Amino acid sequence: MGRRGVRVAASDVPTSIHLRRSYLRERPAALPELSELDVVRHFTELSRRNFGVDTSFYPLGSCTMKYNPKVAERIASYPGFAHLHPLLPQLRMGGILTQGALEVLYEMERLLCEIVGMAAFTMQPLAGAHGELTGIMMMAAYHRHRRNHKTTVLIADSAHGTNPASAAIAGYTVASVPSDAQGGMDVQALKGMLNDQVAGLMLTCPNTLGLFNPNVREICDLIHSVDGLAYYDGANLNAIVGKVKPADLGFDIVHLNLHKTFATPHGSGGPGSGPVGVVEKLAEFLPVSTVIKRSDGTYALEYDRPNSIGYIAPFYGNFGIILRAYVYILMLGREGLERVAENAVLNANYVREKLKDYYHLPYPQVCKHECVFSAARQAERGVHALDIAKALIDRGFHPPTMYFPTTVKEALMIEPTETESKETLDAFIDAMIEIARLAETHPEQITAAPTTTPVGRLDETAAARNLNIASL
Ligand SMILES: *Cc1c(COP(=O)(O)O)cnc(C)c1O
């Protein structure tokens, strides 16, 4: 047909490479022949099959899929930042071209120290889990330095799966601390597990049930009583940002997920940033390099750190992500960050109150940034958490997190985030109520979902294990 979108000029570069005949095509490749309009329509159609915060409500608990201001994207794309090459010799020496970037890193460390109450930060870790590993490696360095013989890290049974994985990779044995009837860490059980072997404890507070543990200070004191360190998993800091400093609760190490709390959209595995903050006594173990401010006011990278755990990331972390977070924090300021926590908590409790008569709520107390329902009541009618999730897709909403935390049967973990309006929450609540009613009267309509998507129910395990995008 000869249809085409663009006409590429004939090459005027002489061919100098002589390929063997067997490498050459005998006839032209069978490429699709499409006009520009056909191509634009094809890709626009594909893009519409994407689901994101920019298209619809995305209450994926423990993931904080919130709207992130586009101004942070804009600033991160400024050529002075985006085109900065990490191998510029000036970076190491602190030369003029790199002063702006180094200042961002330095100031960002100061801001995060202020927000969580720590003495020093490293901005290098490339994800939350990477921050955890960095933090636990510092824990190990601390104990080595003190000649402590420690083998075990204690972790709540409701913890994010990365916590035990990080502690194990750092060489520790993991012991799981059970939850009590209120859904928090069981302090009596913790006391029974304490001994000289305990290197530290990892805690998420509020935990993955969205519940703030009122005993958190006592828990940290108990860990310190055996010369252990208390690690705060601050992946979802939006619940307490500007309100509570983990250092004031007794924590020694904290990681944050900039790609959940501080203005980087996330999903599909990256890119991320999981900076780690530590109290003064652990600062000497921070990874190399660190950013320093010299007496003349200029910035440089410092490598001479004899007790450091060493290199944990190439160059200096995901700079573009750190820059977005810096813009976001400066834009909101102290009051704005407090509003983030207030709205995140208000929105989650609004959803909790409105849905508690329709779905079982295993822990009915006031929650923080997310609430966890159970579809146990609907399951009696053959409608499971998975079916409810699929029915929500038909109604234009992304499903909540399902079957996590594993301490709740048929869990539906909803995190509305701080950025959603009352109208959006009401529309979601209406959909959830409609699904609960249909589960009673016409359960087959829910188990048949989704009916509006290009593909129906997929074998998600097989899709992940045997990914074949060519067949899509
Ligand atoms: C997301 C999350 C993590 C892990 O962060 P990644 O960037 O995905 O590695 C750790 N803990 C909690 C509580 C989380 O929600």
Side-chain angles (χ1 to χ4, degrees), residues 53 58-66 68 112 116 122-137 153 155-170 174 176-177 179 183-185 201-213 216 230-241 246 251 253-277 312-313 317-318 320-322 324-325 344 348 367-372 400-408 411 413-418 464:
V53 173
Y58 205 139
L60 194 67
S62 196
C63 287
T64 310
M65 304 301 284
K66 69 181 181 184
N68 290 298
L112 294 184
V116 299
T122 174
M123 302 304 301
Q124 294 196 43
L126 304 169
H130 193 203
E132 291 170 26
L133 179 62
T134 304
I136 300 297
M137 284 168 69
V153 171
I155 300 178
D157 61 356
S158 63
H160 196 271
T162 49
N163 288 188
S166 301
I169 292 173
V174 172
S176 174
V177 187
S179 302
M185 179 172 277
L201 164 116
M202 297 178 85
L203 197 68
T204 311
C205 184
N207 65 8
T208 55
L209 292 166
L211 302 175
F212 192 87
N213 191 327
V216 60
Y231 183 103
Y232 183 87
D233 178 341
N236 304 288
L237 202 76
N238 57 345
I240 62 160
V241 65
F251 288 95
I253 311 171
V254 49
H255 91 261
L256 306 175
N257 275 22
L258 300 188
H259 52 292
K260 286 179 185 169
T261 307
F262 296 103
T264 286
H266 85 292
S268 305
S273 177
V276 177
I312 56 125
N318 269 333
I321 309 297
I322 298 164
R324 283 172 178 82
C367 62
K368 287 283 176 283
H369 62 303
E370 60 198 3
C371 56
V372 180
T401 297
M402 300 174 292
Y403 303 108
F404 183 80
T406 48
T407 45
V408 172
M413 180 197 220
I414 301 172
E415 181 183 4
T417 80
E418 63 273 17

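Keep in mind that this is a model prediction, so the values were computed, not measured. Atoms within each ligand, like the ligands themselves, are counted from 1 in listed order.
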Which ligand 1 atoms, with their elements, are less than 4.0 angstrom from a heavy-atom of Glu132?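 That gives atoms 10 (C), 11 (N) of ligand 1.
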
Could you tell me which atoms of ligand 1, counted from 1 in the order shown, lie closer than 4.0 angstrom to a heavy atom of Asn236?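 Ligand 1 atoms under the 4.0 Å threshold to Asn236: 13 (C), 14 (C), 15 (O).
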
Whether Gly272 lies under 4.0 Å from ligand 1, heavy atom: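 Gly272: no contact with ligand 1 (<4.0 Å).
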
Under 4.0 Å, counting heavy atoms only: does His130 come that close to any atom of ligand 1?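 His130 does not count as a contact of ligand 1 under the 4.0 Å cut-off.
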
Among all protein heavy atoms, pick out the one at the shortest distance from [atom]; state its residue, atom name and that distance to 0.1 Å.
{"atom": "atom 6 (P) of ligand 1", "value": "Gly128 N, 3.4 Å"}
{"atom": "atom 13 (C) of ligand 1", "value": "Asp233 OD2, 3.4 Å"}
{"atom": "atom 9 (O) of ligand 1", "value": "Ala129 N, 2.8 Å"}
{"atom": "atom 5 (O) of ligand 1", "value": "Asn257 ND2, 3.0 Å"}

Looking at residues at least two apart in the chain, or sitting in another chain, which of them share a side chain to side chain contact (heavy atoms under 4.5 Å, CB included) with Asn238?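 Applying side chain to side chain contact (heavy atoms under 4.5 Å, CB included) to Asn238 gives Thr64, Asn236, Thr261, Val340, Ala344, His369, Glu415, Glu418.
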
Is any N or O atom of [X], backbone or side chain, closer than 3.5 Å to an N or O atom of ligand 1?
{"X": "Ala235", "answer": "no"}
{"X": "Thr208", "answer": "no"}
{"X": "Ala127", "answer": "no"}

Quick check: do Ser273 and Thr264 have side-chain heavy atoms less than 4.5 Å from each other?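 They are not in contact (no side-chain heavy atoms under 4.5 Å apart), so the answer is no.
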
Just go through His259, Glu415, Lys260 and tell me whose heavy atom is the nearest to atom 15 (O) of ligand 1.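 The residue whose heavy atom sits nearest atom 15 (O) of ligand 1 is Lys260.
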
Hey, what do you get for CG (Leu126) to CG (Leu258), rounding to the nearest 0.5 Å?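 Those atoms lie 11.0 Å apart.
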
Could you give the distance from CD1 (Ile169) to CD1 (Ile136), rounded to the nearest 0.5 Å?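 CD1 of Ile136 is found 11.0 Å from CD1 of Ile169.
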
State, to 0.1 Å, how close Pro125 and His130 come at their nearest heavy-atom pair, and which atoms those are.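 Answer, listing the atom of Pro125 first, then His130: CA-ND1, 3.5 Å.
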
So, Asp157 and Ser179: side-chain donor and acceptor under 3.5 Å apart, yes or no?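 Yes, a side-chain donor-acceptor pair sits under 3.5 Å.
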
Check against side-chain contact (heavy atoms from CB on, under 4.5 Å), Met413 and Thr208: CA-CA 9 Å; Met413 180 197 220; Thr208 55; 3.8 Å; yes

For the residue pair Phe251 and Tyr232, does the interplanar ring angle fall in the parallel (under 30°), tilted (30 to 60°) or perpendicular (over 60°) class?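 Taking Tyr232 first and then Phe251, their aromatic rings stand perpendicular (interplane angle over 60°).
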
